[in-house]
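One structure is given below, encoded as structure tokens.
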Amino acid sequence: MVYIARNPKDCMVSYYYFYKMDQTLPDPETWDNFFSTFLKGSLAWGDWFDHVTGWWKARDEHKILYIFYEDMIEDSRRELCKVMRFLGKDFSEDVVKKILHHTSFKAMKANPMINFSVFSESIFDQSVSSFMRKGTVGDWKNHFLVSQNIIFDNEYKKKMEGSGLEFRTEV
């Protein structure tokens, strides 16, 4: 299994827009409301902290490659090589280039098989937010208030203490 984790601040922002776009989920209302809901772990797919730490611990018992979204953005070739080694694959340079192209955010955002643009607006209303929005690291800075950042950092420290798992919120 390959597990890709994203830093919690950008994940929260992304999840907020996903909630706004996905018409099958409850309305997230305001950013402030969603911020609290995220920290409580009361989202449709559970608590982010439990999810990432659960998979981190599972590496001890199962064959799991744990990689970080921020590392993929920083150096996609390096991270692809990690996946290839993990899977025991050795692709030609031509194939590597094709994989890097087709897995780039720009290419995936343009691909209807990935961006869900074929879904009905009654399910994914992409006039509200596109399924693949920005794909950048650090957009949380455009959403978090200073007070929210302090609250988040304190909660993060408590929930992640002793896990050995560390996330970067900048590249």
Side-chain angles (χ1 to χ4, degrees), residues 1-22 38-39 41 43-119 124 126 129-144 149 152-153 155-171:
M1 166 146 323
V2 177
Y3 183 90
I4 303 171
R6 188 175 189 187
N7 84 72
K9 292 178 180 181
D10 282 324
C11 191
M12 183 191 297
V13 170
S14 180
Y15 214 0
Y16 172 69
Y17 285 100
F18 181 78
Y19 255 71
K20 290 174 73 72
M21 180 263 312
D22 187 334
F38 185 95
L39 285 182
L43 299 173
W45 289 279
D47 184 280
W48 178 91
F49 296 96
D50 290 344
H51 200 273
V52 296
T53 57
W55 283 101
W56 183 252
K57 291 174 190 170
R59 295 173 314 128
D60 298 336
E61 299 174 26
H62 304 283
K63 190 175 181 183
I64 298 170
L65 175 63
Y66 202 104
I67 60 177
F68 298 90
Y69 182 80
E70 294 74 23
D71 293 343
M72 293 170 51
I73 294 298
E74 181 179 65
D75 189 340
S76 56
R77 175 179 289 277
R78 178 191 66 216
E79 297 307 302
L80 174 59
C81 288
K82 283 182 188 177
V83 173
M84 288 169 45
R85 280 191 303 277
F86 179 75
L87 298 174
K89 300 293 180 186
D90 185 25
F91 298 123
S92 69
E93 182 59 22
D94 186 50
V95 170
V96 168
K97 284 180 181 177
K98 286 179 183 176
I99 292 170
L100 289 170
H101 167 75
H102 289 293
T103 59
S104 70
F105 188 85
K106 182 179 178 182
M108 292 194 311
K109 186 171 180 151
N111 184 339
M113 296 302 292
I114 296 170
N115 68 24
F116 293 106
S117 60
V118 296
F119 275 39
F124 281 176
Q126 294 199 49
S129 177
S130 60
F131 178 75
M132 298 194 62
R133 221 171 52 84
K134 292 184 177 180
T136 59
V137 178
D139 190 42
W140 65 271
K141 294 175 191 175
N142 297 316
H143 295 78
F144 278 55
N149 194 43
F152 187 92
D153 286 349
E155 195 68 20
Y156 178 90
K157 186 178 178 183
K158 281 190 274 183
K159 291 184 175 184
M160 299 299 285
E161 188 175 9
S163 70
L165 182 57
E166 295 182 24
F167 287 87
R168 297 188 297 157
T169 56
E170 298 180 38
V171 173

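Position 1 is the first residue of the sequence; numbering continues from there.
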Donor-acceptor contact below 3.5 Å, side chain Gln126 vs main chain Phe119: no
Which residues share a salt bridge (Lys or Arg N to Asp or Glu O under 4.0 Å) with Lys97, sequence neighbours left out: none
Pair listing, ring pair (Phe, Tyr, Trp, His ring centres under 6.0 Å) test, anchored in residues 90-114, at least two apart: none
Results of side-chain hydrogen bond (donor to acceptor under 3.5 Å, both in side chains) for Arg168 - residues two or more places apart only: Asp71, Glu74
Considering all heavy atoms, the nearest Asp10-Gly138 contact: OD2-N, 2.7 Å
Check against side-chain hydrogen bond (donor to acceptor under 3.5 Å, both in side chains), Asp94 and Ser92: CA-CA 5 Å; Asp94 186 50; Ser92 69; 5.2 Å; no
Rounded distance (nearest 0.5 Å) linking atom CZ of Phe131 with atom CE of Met108: 9.5 Å
Closest non-hydrogen atom pair between Arg6 and Gly135, with its separation: NH2-C, 4.4 Å
Tyr19 and Tyr16: CA distance, side-chain angles, deciding distance, ring pair (Phe, Tyr, Trp, His ring centres under 6.0 Å) verdict: CA-CA 5 Å; Tyr19 255 71; Tyr16 172 69; 8.7 Å; no
Flag side-chain contact, heavy atom, 4.5 Å: Val137 against Asn7: yes
Min side-chain heavy-atom separation Phe152-Pro8 under 4.5 Å: yes
Rounded distance (nearest 0.5 Å) linking atom CD of Glu161 with atom OG of Ser163: 9.5 Å
Evaluation steps, side-chain contact (heavy atoms from CB on, under 4.5 Å), between Val83 and Leu65: CA-CA 7 Å; Val83 173; Leu65 175 63; 3.9 Å; yes
Pair Arg77 + Glu93, salt bridge at N-O below 4.0 Å: yes
Check: Tyr66 ring centroid to Phe86 ring centroid under 6.0 Å: no
Contacts of Met72 that satisfy side-chain contact (heavy atoms from CB on, under 4.5 Å) - sequence neighbours left out: Ile4, Ile67, Glu79
Listed once per pair and sorted, the salt bridge (charged side-chain N to carboxylate O under 4.0 Å, His left out) pairs that draw on residues 44-59, sequence neighbours left out: Asp47-Lys159
Side chains of Asp153 and Lys9 in contact at under 4.5 Å (non-hydrogen atoms): yes
Under 3.5 Å donor-acceptor, Thr103 side chain and Ile99 backbone: yes
Euclidean distance, His143 NE2 relative to Ser14 OG, rounded to 0.5 Å: 10.0 Å
Validation row: Leu80, Val96 side chains within 4.5 angstrom (heavy atoms): yes
Partner residues of Lys141 under the salt bridge (Lys or Arg N to Asp or Glu O under 4.0 Å) criterion, sequence neighbours left out: Glu170
Beyond-backbone contact of Lys109 with Ser130, side-chain heavy atoms, under 4.5 angstrom: yes
Heavy atoms of other groups near Asn142 CG, more than 12 under 6.0 Å: yes
Distance in Å, Asp22 CG paired with Ser129 OG, rounded so as to fall on 0.5 Å steps: 11.0 Å
Side-chain touch His62/Met1, heavy atoms, less than 4.5 angstrom: no
Main-chain N/O of Phe144 paired to Asn149 side chain as donor or acceptor, under 3.5 Å: no
Val13 side chain near Arg133 side chain, heavy-atom distance below 4.5 Å: yes
Distance-minimising heavy-atom pair for Asn115 and Ala110: ND2-C, 3.7 Å
Name of the residue among Trp45, Phe38, Tyr3 meeting ring pair (Phe, Tyr, Trp, His ring centres under 6.0 Å) with His51: Tyr3
Sub-4.5 Å side-chain heavy-atom contact between Trp48 and Tyr15: no
Test applied, ring pair (Phe, Tyr, Trp, His ring centres under 6.0 Å); reference residue, Phe167; option that passes from Trp56, Phe68, Trp140: Phe68
